[in-house]
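Comments concern the structure below.
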2 protein chains.
Amino acid sequence: MKIDDKILNAAIDMIAKKGYKGATTKEIAEKASVSEMTLFRHFGSKKKILEAAVDRYYYSIQMKELFEQKVTWELDKDLLMVAETYHNLMKKNKNVIKIAIQEGSRVKGLLEQVNKHPRQLKELLINYFEEMNRRGLVVDSEYELQAMNFLYMSYGHFISRSFVSGESITSIAEDNIITGGVKVFVENLTPERSKAVMQ
Amino acid sequence: MKIDDKILNAAIDMIAKKGYKGATTKEIAEKASVSEMTLFRHFGSKKKILEAAVDRYYYSIQMKELFEQKVTWELDKDLLMVAETYHNLMKKNKNVIKIAIQEGSRVKGLLEQVNKHPRQLKELLINYFEEMNRRGLVVDSEYELQAMNFLYMSYGHFISRSFVSGESITSIAEDNIITGGVKVFVENLTPERSKAVMQ
DNA sequence: AGCTATAGTTAGTACTAACTAACAGAAGTC
DNA sequence: GACTTCTGTTAGTTAGTACTAACTATAGCT
């Protein structure tokens, strides 16, 4: 791993754990196994380290393309795929997401970065529901509302488990919660006539 | 307002905004309109201020009693009531919830405090679903799973709106999202025969 | 009026964190 | 082998922060 990467990884880790002010350059240097001087030589200041980290280390994907590859036009499978993709994406970006909650508008570009995926997912779901409706596989509904609540459910699950309650509120496994949540929306959006067929 | 209260309010505010390390005793004193000395005379140290604030200023209610008073045994009304109660509770405790995400286990008693309501709500919902099931008003299902996803949906909505995206992802009003989310679960849990009756 | 309790003020201490300067050593390139 | 580039090391500067000490001022109570 290159030295820049070691520094940025260590920085994201420590800042997510202790907050921007709470994480010291000394700690970051130690965690990255480089000397403190090297941080400053590479990035100039602590603030710039964080900015570079957010910019380069937010794992980002093109939802639309991925979705188009994987879509099956079966509501349960597709929603599960979206939920799992979103969940995995948040896991990969866990530290940056935490920093976004903590530092929010104090780091330029951070909120935009973090809001990118939800925004993409919302649009993607709306379009998907509309197409499914044309095919007679999804009932008439307010799709943006449905999409938002679906995403909020995933988001709440992730945040709660990752940052505040862990396993301490429910012992149900992560995967079961996700499939259970998907089921609720599938049930809700599937037309009556298709339900009979499916059963 | 008493001087202790002014200090604790100011402290919660500043620490939620800037993090524990980021909020200085000087700022807290200014915001509380008292001298910095008064902070230390009243609470001894910065850490003790936060602990006192979390201890005294986490607005807490007895869910069970409130619920028993308000329950109507109509699924849609009851779930809406729970969702609104939960949402309002989180709004009141917004700052403490943010501090819990940020400082987590570094402040003793904090996570326990913040996890109390979700835990209560989970149990309450499970019992409610079971009773509704006995009355033939809710289908057989995994009630803990349903309860968790219902709560995660509310939680995700609150966190997203309050701390990271604001209104920037959807323009749908808060209340509409809540009622929409409730509808999904109502639809999902209502037995077929009751649906016909209701329509 | 005098006592008590409490808040404000000012000055100061001890410590820590971000950041700099200057030098020394190691590795690769020509 | 000299030159360049990069990293480590050490020592130090500067600024800010939690916290203390000692004195002053004020307001309520008797």
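The model shown is predicted, which means the values in this text are computed figures rather than measured ones. In the text below, chain A, chain B and the rest are named by the order of the sequence lines, each starting its count at 1. For the numbers below, each heavy atom of this structure counts, side chains included, while hydrogens, waters and symmetry mates do not.
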Completion exercise
Given protein heavy atoms under 4.0 Å, the one-letter contact record of nucleotides 9-21 of chain C, with B base, S sugar-phosphate only and - none, is simply BB------SSBBB
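Of the side-chain N and O atoms in His42(B), one or more sit less than 4.0 angstrom from OP1 or OP2 of dA7(C).
The residues Lys48(A) and Glu51(A) are annotated as not salt-bridged, no charged nitrogen and carboxylate oxygen being separated by less than 4.0 angstrom.
The list of salt bridge (charged side-chain N to carboxylate O under 4.0 Å, His left out) pairs with a residue in residues 20-29 of chain B, not counting sequence neighbours, reads Lys18(B)-Glu27(B). Residue pairs satisfying the ring-ring contact (aromatic ring centres under 6.0 Å, His included) criterion with at least one member in residues 18-62 of chain A, sequence neighbours excluded, are listed as follows: Tyr58(A)-His117(A).
Rounded to whole Å, atom C1' of dA5(C) lies 12 Å from atom CD1 of Ile3(B).
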Only distances under 3.5 Å count here; give the side-chain donor-acceptor pairs of residues 28-37 of chain B to other protein atoms, sequence neighbours excluded, each with its distance to 0.1 Å.
unit_1: Lys31(B); atom_1: NZ; unit_2: Asp13(B); atom_2: OD2; d: 3.2
unit_1: Ser35(B); atom_1: OG; unit_2: Met37(B); atom_2: N; d: 3.3
unit_1: Ser35(B); atom_1: OG; unit_2: Thr38(B); atom_2: OG1; d: 3.4
unit_1: Glu36(B); atom_1: OE2; unit_2: Thr25(B); atom_2: OG1; d: 2.7

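Other residues sharing the hydrophobic cluster of Leu145(B), ordered by chain and number and joined by side-chain separations under 4.5 Å: Ile169(A), Ile172(A), Ile177(A), Met148(B), Tyr152(B). Grouped with Met1(B) in a hydrophobic cluster is no other residue, since no side-chain heavy-atom contact under 4.5 Å to another Ile, Leu, Val, Met, Phe, Trp or Tyr is found.
Among residues two or more places apart in sequence or in another chain, the ring pair (Phe, Tyr, Trp, His ring centres under 6.0 Å) test is passed with Phe185(B) by Phe150(B). Arg119(A) pairs by the salt bridge (Lys or Arg N to Asp or Glu O under 4.0 Å) definition with nothing, not counting sequence neighbours.
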All N/O pairs under 3.5 Å across the protein-nucleotides 26-28 of chain C interface:
none

